[in-house]
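This report refers to the structure that appears directly beneath it.
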Amino acid sequence: LTLRGGELVADNTDWIGVTRTLEPLGSWTGRRATVLGAGGAARAVVHALRRLGLEVSVVNRTRERAERLVRDLGGRVGTLDDAYDLLVNATSLGMAPQIDETPVPLARLLPGATVFDTVYRPLETRLLREARSCGCRVQDGLDMLVHQAVEQIRVGSGRSADPARLRRAALEALARP
């Protein structure tokens, strides 16, 4: 929330973080994405992916939540059996204390696909390790966090921030116990 012209204005920077993380990885128009989760992070991911031109399917343990998300933002409810070019984990699986868990069995990872885990602590989740081992391109969640922060700084102060500098600071902070 920021005060602009005497009014409170709400902004969401999560989808911008997703977009700026994925744009350098190439064109996504017409490609297929599977998004895991149907909470707040997943909503931002789906919004960003649809803006990037991807066909989106949402997989969630509670089908009703996935249905609500796609009804609100577009896409379709899918399964882990769906083909994808991009797989995005927008759940907390893989984050402490569940660092040994993964939302996708190894057999469901598609070699050549990109796997993006929005989790950034730990930086390399089990999902990313397994995806890399079977020939996937991987993307951790730290860039999403950094690009969200860059946008938050811009919205809140009107100033620009250096993403590389913020990433270095985040890596230093994550290295602390």
Side-chain angles (χ1 to χ4, degrees), residues 10-148 151:
D11 289 292
N12 179 306
T13 60
D14 294 1
W15 72 270
I16 295 169
V18 172
T19 301
R20 290 184 183 158
T21 297
L22 292 175
E23 283 174 331
L25 301 180
S27 174
W28 294 101
T29 304
R31 311 230 11 229
R32 299 163 300 187
T34 295
V35 176
L36 308 174
R43 293 181 77 78
V45 167
V46 169
H47 177 73
L49 298 183
R50 303 261 304 143
R51 288 179 59 101
L52 287 169
L54 285 108
E55 297 173 25
V56 177
S57 67
V58 176
V59 177
N60 192 61
R61 64 172 188 231
T62 308
R63 184 174 177 87
E64 295 78 28
R65 289 190 72 192
E67 289 171 346
R68 188 173 335 129
L69 191 158
V70 299
R71 184 176 56 247
D72 292 348
L73 299 177
R76 66 180 187 81
V77 176
T79 72
L80 287 178
D81 293 324
D82 295 340
Y84 57 83
D85 302 296
L86 172 66
L87 175 73
V88 182
N89 177 30
T91 75
S92 60
L93 277 178
M95 183 169 42
Q98 302 168 309
I99 61 171
D100 293 326
E101 296 187 37
T102 182
V104 181
L106 184 61
R108 295 286 190 257
L109 294 170
L110 302 178
T114 298
V115 177
F116 174 21
D117 198 336
T118 63
V119 170
Y120 56 86
R121 188 172 192 139
L123 200 54
E124 184 172 73
T125 60
R126 176 179 165 194
L127 173 62
L128 294 182
R129 278 192 312 276
E130 290 180 353
R132 184 179 290 110
S133 77
C134 73
C136 295
R137 177 170 61 167
V138 300
Q139 175 63 54
D140 63 60
L142 189 57
D143 285 342
M144 178 181 165
L145 177 70
V146 166
H147 289 298
Q148 287 172 274
E151 185 63 12

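Keep in mind that this is a model prediction, so the values were computed, not measured.
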Task: Separation between CG of L22 and CG of L54, rounded to the nearest 0.5 Å - done: 8.0 Å

Open item on the list: For the NE2 atom of H147 and the CD atom of E151, what is their distance to the nearest 0.5 Å?
Closed with: 11.0 Å

- [ ] Apply side-chain contact (heavy atoms from CB on, under 4.5 Å) to the pair R76 and D82, showing each step before the final yes or no.
- [x] CA-CA 11 Å; R76 66 180 187 81; D82 295 340; 3.2 Å; yes

Task: Between OG1 on residue T19 and CG on residue L49, distance to nearest 0.5 Å - done: 8.0 Å

- [ ] For L80 and V59, work out which heavy atoms get closest and say how close.
- [x] N-CG2, 4.1 Å

Open item on the list: For G53, is there any backbone N or O sitting under 3.5 Å from a side-chain donor or acceptor partner on T29?
Closed with: no

- [ ] Output, in order, the C-alpha distance, side-chain angles, deciding distance and verdict of side-chain contact (heavy atoms from CB on, under 4.5 Å) for L73 and R50.
- [x] CA-CA 8 Å; L73 299 177; R50 303 261 304 143; 5.6 Å; no

- [ ] Could you tell me whether a side-chain N or O of R65 sits under 3.5 Å from a main-chain N or O of N60, the two making a donor and an acceptor?
- [x] no

Task: Smallest separation among heavy atoms of L87 and Y84, with atom names - done: CB-CE1, 3.5 Å

For residues 126-133, run the donor-acceptor check on the side chains, cut-off 3.5 Å, and write out each pair with its distance to 0.1 Å, sequence neighbours left out.
{"from": "R126", "atom 1": "NE", "to": "E130", "atom 2": "OE2", "distance (Å)": "2.8"}
{"from": "R126", "atom 1": "NH1", "to": "D100", "atom 2": "O", "distance (Å)": "2.8"}
{"from": "R126", "atom 1": "NH2", "to": "E130", "atom 2": "OE2", "distance (Å)": "3.4"}
{"from": "R129", "atom 1": "NH1", "to": "E124", "atom 2": "O", "distance (Å)": "3.2"}
{"from": "R132", "atom 1": "NH1", "to": "E124", "atom 2": "OE2", "distance (Å)": "2.1"}
{"from": "S133", "atom 1": "OG", "to": "E130", "atom 2": "O", "distance (Å)": "2.7"}

TODO: To the nearest 0.5 angstrom, please state how far the CG atom of L145 sits from the CG atom of D14.
DONE: 9.5 Å

Task: Minimal non-hydrogen separation, G74 against V46, with atom names - done: O-CG1, 4.1 Å

TODO: Could you tell me whether the side chain of W15 and the main chain of T13 form a donor-acceptor pair under 3.5 Å?
DONE: no

Donor-acceptor contacts under 3.5 Å from residues 106-117 side chains, at least two apart:
{"from": "R108", "atom 1": "NE", "to": "D81", "atom 2": "OD1", "distance (Å)": "2.9"}
{"from": "R108", "atom 1": "NH2", "to": "D81", "atom 2": "OD1", "distance (Å)": "3.0"}
{"from": "T114", "atom 1": "OG1", "to": "R137", "atom 2": "NE", "distance (Å)": "2.9"}
{"from": "T114", "atom 1": "OG1", "to": "R137", "atom 2": "NH2", "distance (Å)": "3.0"}
{"from": "D117", "atom 1": "OD1", "to": "N89", "atom 2": "ND2", "distance (Å)": "2.9"}
{"from": "D117", "atom 1": "OD1", "to": "V119", "atom 2": "N", "distance (Å)": "3.1"}
{"from": "D117", "atom 1": "OD2", "to": "T125", "atom 2": "OG1", "distance (Å)": "2.7"}

Task: Nearest non-hydrogen partners of Y120 and L142, listed with the distance - done: CB-N, 3.7 Å

Atom pairs and distances, side-chain donor-acceptor, residues 30-45, under 3.5 Å, sequence neighbours left out:
{"from": "T34", "atom 1": "OG1", "to": "S57", "atom 2": "OG", "distance (Å)": "3.3"}
{"from": "R43", "atom 1": "NH1", "to": "D72", "atom 2": "OD2", "distance (Å)": "3.4"}
{"from": "R43", "atom 1": "NH2", "to": "D72", "atom 2": "OD2", "distance (Å)": "2.9"}

